[in-house]
**Student:** 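Sharing a structure here in structure tokens format.
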Amino acid sequence: MSYLDLLNDAQRSAVIHNEGAVMVIAGAGSGKTRVLTYKIAHLLNNKVDAFNILALTFTNKAAKEMKDRIQKIVTGNESLNISMGTFHSVFAKILRVESTKLGYPTNFTIYDMADSKSLIKHIIKEQDLDDKIYSPNSVLSRISSLKTNLISPAEYNSSDDYLNEDKRAQRPKFGLLYSLYCERCFKSSAMDFDDLLYKTNVLFRDYPDILNKYQKKYKYILVDEYQDTNFSQYLIVRKLAQLHKNICVVGDDAQSIYSFRGANIQNILNFKKDYPTFKMFKLEQNYRSSKTIVEAANSVIEKNTEQIKKNVWTDNEIGKNINVVETINDIDEANYIADIIKNTIFTTDDDYNKIAVFYRTNSQSRQLEESFRKKGIPYKIYGGMSFYQRKEIKDLMAYFRLTINNNDEEAFLRVINYPARGIGKTTIDRLVLAARTNNTDIWTIMENPNLFPSDINNATKTRLKDFAVKIKGFTASLLQKNAYELASYITSNTGIMKELFDDRTPEGITRYENVEELLNGIKEFADSYYVEEVVDPEALFPSLDKYVNEISLITEIKDENSDKNTVSLMTLHAAKGLEFPYVFICGVEENLFPSQLSLQSRKEIEEERRLFYVGITRAEKELIITYTNQRYQWGQLRPAEQSRFIKEIDHKYVDFVSTSEHYSYNNDFSKNKFSDNRDDYNNNDWDISEFQDKTHYYKKIQKQTTIATNSPAFAQNKKMVKLEEVINTPSFNDTGNNDWDEGDKVFHQRFGNGSILNIEGVGQNKKASVLFDNFGKKDLILKFAKLTKLNN
DNA sequence: AGTGATCAGATTTTT
DNA sequence: TCTGATCACT
């Protein structure tokens, strides 16, 4: 077989060692993914059924990459039958099959971070706790770490240690919050990210027959990025591998960068205990980077105390020294990077997609974006606000979720009054109260509002009923309409389409287009629906719930521009597993990288150092590290200083450069102008290409629109829209007390006595200008103002 | 109920 | 600086 000839000795040994427990310690750039893919190919070539293979990755991106690679080297469609994906997605699928055992419906919702946060906020508020002491973020991260370590609310609340710890930390109610949070998730038929692993553990613990079923199925288990697995994941893998004990884990302890999320290097040590006869293979030859880069990276990582011994080396050329560049401030830094990129492209004839810029925090991308736009450099930002996090997408998805799972409380709260249908906070409070006092659920109340006593007025009751009927109608269509048909039906039937279409601001147009894109994605899903194992005919039907299940764990939309020729901008965390010929790491400053929050302990600083190591080892040919002396942060210019990590690179691999020599004119300029007016400085000296900043363009348009408000055309337009609104208002004819006249003397509860100067508008929108004796002139909408006419 | 205005808080990383 | 949340106002 020719593919084995493409491997070095260590790689080949790892690939052909199929049976038993295997640990592959793979240095950066040593062909880890190659080993994993070839290993799977080798299994398939040795008559292992694809259905018996489980391959777990850390990110969706890694899963997709591995799938693509395997498809290329394995003939036929066999690779599609491998259970491959992130821990979360693979076990979410299993949970869908087994959820009823745990008291969850098959169509349980998966709460994302935003849902979890919103829920915990509600709970904190309901408990009347101070959200400064119980900050939603800190509460959530503690809950997450408990779940990751498989500590249930009951266990927590019966442990004196935990309770005392909370008392000491002035957060005695934490245990209660944890319990309530889990209860509410359960009532909503929802699982959060951690639940997907936690509940899998519960399932395997409480149902040995189910565990056995999957143990039998998964004869071969492979785990990528093992250094970043947490305890919950470790235990699932251990349980599943117990029967066949064919388990292969691949990782690099030097690249463990997710301990903040519960990742535990101990898992590597536990591996030795759990499988005493395991075989270890070390991949130490680096094929990616120049000698300079490999050795510089080694010189950094050796400052860490705890690590598995290995010697990463390379046969590649020595290559250029690393440039460490001192810049004046963040703008100068971004401009410098943009300049060097242009120069590199110009002199080497390489493409933009050979270049990547890494940073520690997402917020650093903004300045880079601005400079790149001005210099006409095409770029793509990875991570940050993803497509599915956009408001308009979340709103629509919430309708889908509520349709699929009527218990989904977060989805319910999101859409109950969107688009506005006159059901506000007060009504929801009354609804919840009515449900509680009548000992039933809100849907029963909404559907039969007159059967239960409540404070909800009649008009609102009708609205609630309409909403409930509407959603139930969608739910009933789940198996009648396919995903696309139902999704577009919901989009237009709820008025979302009209709402977005009517908003002709540039942002509104973008939102409309995003919804169109989502619908297109759903259409594509419905048209190309494929099922691995046909269990029943229903499984063949591309229903909306199947679509939502599929994408609820995906954060990035499939990118059609991925092969476009652009520079890649991303955080160092997102860079893991990637490689580029030219790499920039920017903002390498104390308090930023290493992050200020990590300076508390040696462990955390070592993790930051590993992150730096990951960044360095992404580079193939050239590495440029930048830092600035001043950085704009929290709306303020703050002094910055070179990171300790720069000093840790063996200086024989480094050339130090400063922009103040190259751009001394900028320097002078900044002294006079910088602190006063960043925009001036920003625009200085740089050719503004036709590659325009979209947001700036939008801002300009918005301004024009505001000015144009007074133009006759606009006014006419506005009148038409208004008229339409008025006609559509049910209470159009309900004019109420209508007989106001100019000159009338009136009384207002707040403003006291006054006289009407002028009346305008009709019906609902009737307005009065009133000159009050003590408060001057006020414009009041009569519907709300509750004026009393004074007889004189 | 809905809207605009003002104020406080945030910027670590991701499934 | 930018965002979200709350509040005052109609």
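Numbered from 1 within each chain, the chains take letters A, B, ... in sequence-line order.
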**Student:** Restricting to non-hydrogen atoms, name the atom on A:Glu499 and the atom on A:Pro419 that form the minimum distance, rounded to 0.1 Å.
**Tutor:**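 Taking every non-hydrogen atom into account, OE1-CB, 3.4 Å.
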
**Student:** Closest to the A:Arg366 side chain: B:dT15, B:dT12, C:dC2?
**Tutor:**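 Shortest atom-to-atom distance from the side chain points to C:dC2.
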
**Student:** Write down the distance between CG (A:Asn137) and C1' (B:dT11), rounded to a whole number of angstrom.
**Tutor:**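 Rounded to whole Å, this separation is 11 Å.
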
**Student:** Rounding to a whole Å, what distance do you find between A:Glu225:CD and B:dT13:P?
**Tutor:**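 Answer to the nearest Å: 19 Å.
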
**Student:** Base, sugar-phosphate alone, or nothing: which one does A:Phe87 contact when heavy atoms must sit under 4.0 Å apart?
**Tutor:**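 The residue A:Phe87 makes no contact with any strand.
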
**Student:** Side chain of A:Ser363 only, please: which of B:dT11, C:dT6, B:dT15 is the nearest?
**Tutor:**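 The answer is B:dT11, which lies nearest to the side chain.
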
**Student:** Using a 4.0 Å heavy-atom cut-off across all strands, classify A:Ile423 as base, sugar-phosphate, or nothing.
**Tutor:**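 The answer is sugar-phosphate, as A:Ile423 gets under 4.0 Å only of primed atoms, P, OP1 or OP2.
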
**Student:** What nucleic acid atoms does A:Lys121 come within less than 4.0 Å of, heavy atoms only: base, sugar-phosphate, or nothing?
**Tutor:**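 Sugar-phosphate contact only - A:Lys121 comes under 4.0 Å of backbone atoms but never of a base.
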
**Student:** Once you round it to whole Å, what is the distance between C1' of B:dA1 and CG of A:Leu431?
**Tutor:**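 After rounding, the gap between these two atoms is 17 Å.
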
**Student:** CG of A:Asp228 versus P of B:dT14: gap in Å, rounded?
**Tutor:**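 So the two atoms are 12 Å apart, to the nearest Å.
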
**Student:** Among C:dT1, B:dT12, C:dT6, which nucleotide has an atom closest to any side-chain atom of A:Tyr632?
**Tutor:**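 Of the candidates, C:dT1 comes closest.
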
**Student:** Quick one: label A:Asn417 by what it contacts on the DNA or RNA (base, sugar-phosphate, nothing), any heavy atom closer than 4.0 Å.
**Tutor:**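 It contacts sugar-phosphate atoms only.
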
**Student:** Counting only heavy atoms from other residues, nucleotides and ligands, does the tally under 6.0 Å from NZ of A:Lys394 exceed 12?
**Tutor:**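 More than 12 within 6.0 Å, yes.
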
**Student:** Hey, does the side chain of A:Asn362 come within less than 4.0 Å of B:dT13's phosphate (OP1/OP2), counting only N and O?
**Tutor:**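 Yes.
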
**Student:** Rounded to whole angstrom units, what separation is found between the CE atom of A:Met113 and the P atom of B:dT15?
**Tutor:**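 Result: 11 Å.
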
**Student:** In whole Å, measure the gap between the C1' atoms of B:dT12 and C:dA5 for me.
**Tutor:**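 Nearest-Å result for B:dT12 against C:dA5 at atom C1': 23 Å.
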
**Student:** Tell me what A:Thr427 touches on the nucleic acid: a base, only sugar-phosphate, or nothing, going by heavy atoms under 4.0 Å.
**Tutor:**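 Result for A:Thr427 = sugar-phosphate.
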
**Student:** Could you report the tightest heavy-atom contact between A:Asp228 and A:Phe58, atom names first, then the distance?
**Tutor:**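 The pair with the smallest heavy-atom distance is O-CE1, 3.7 Å.
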
**Student:** Looking at B:dA1, C:dC2, B:dT13, which one has an atom nearest to any side-chain atom of A:Thr426?
**Tutor:**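 The answer is B:dA1.
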
**Student:** Whole Å only: how far is the CZ atom of A:Phe358 from the P atom of B:dT12?
**Tutor:**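 Going from CZ in A:Phe358 over to P in B:dT12 covers 21 Å.
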
**Student:** According to a cutoff of under 5.5 Å between the ring centres and under 30° between the ring planes, does A:Phe260 stack with the base of B:dT13?
**Tutor:**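 Ring-base stacking flag set for A:Phe260 and B:dT13.
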
**Student:** Any side-chain donor paired with an acceptor under 3.5 Å for A:Ser89 and A:Thr86?
**Tutor:**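 Distance-only check passes for A:Ser89 and A:Thr86.
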
**Student:** Aromatic rings A:Tyr258 and A:Phe260: how do their planes relate, parallel, tilted or perpendicular, breaks at 30° and 60°?
**Tutor:**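 Geometry flag for A:Phe260 against A:Tyr258: tilted rings.
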
**Student:** Among B:dT15, C:dT6, B:dT12, find the nucleotide with the atom closest to the side chain of A:Thr59.
**Tutor:**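 Selected nucleotide (nearest to the side chain): B:dT15.
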
**Student:** Let me spell it out: for each of A:Tyr258 and A:Ser135, pick the nucleotide of DNA chain B with the closest heavy atom. Which residue's pick is nearer the 5' end?
**Tutor:**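 Between the two, 5'-proximity favours A:Ser135.
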
**Student:** Could you tell me whether the side chains of A:Ser116 and A:Tyr181 share a donor-acceptor contact shorter than 3.5 Å?
**Tutor:**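 A donor-acceptor contact under 3.5 Å links the two side chains.
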
**Student:** At under 4.0 Å between heavy atoms, what does A:Lys125 touch on the DNA or RNA strands: base, sugar-phosphate, or nothing?
**Tutor:**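 Sugar-phosphate, no base atom in range.
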
**Student:** Side chains of A:Asn267 and A:Thr229: do they bring a donor and an acceptor to under 3.5 Å?
**Tutor:**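 On atom types as modelled, these side chains qualify, holding a pair under 3.5 Å.
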
**Student:** In this structure, how many angstroms lie between the P atom of C:dT6 and the NE2 atom of A:His122, rounded?
**Tutor:**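 From A:His122 NE2 to C:dT6 P: 10 Å.
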
**Student:** OP1 or OP2 of B:dT14 sitting under 4.0 Å from any side-chain N/O of A:Thr571?
**Tutor:**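 Yes, A:Thr571 has a side-chain N/O under 4.0 Å of OP1/OP2 on B:dT14.
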
**Student:** Can you find a donor-acceptor pair, distance only, under 3.5 Å between A:Arg360 side chain and B:dT13 base?
**Tutor:**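 Yes, the side chain and the base share a sub-3.5 Å donor-acceptor pair.
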
**Student:** Among B:dT15, B:dT13, C:dT1, which is the nearest nucleotide to the side chain of A:His573?
**Tutor:**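 Side chain of A:His573 sits closest to B:dT13.
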
**Student:** Specify the separation, in whole Å, of atom CD of A:Glu589 and atom P of B:dT11.
**Tutor:**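 Result: 19 Å.
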
**Student:** Pick the closest DNA chain B nucleotide for A:Thr460 and for A:Glu607 by heavy atoms, then say which residue is nearer the 5' end.
**Tutor:**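 Comparing both residues, the 5'-ward one is A:Thr460.
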
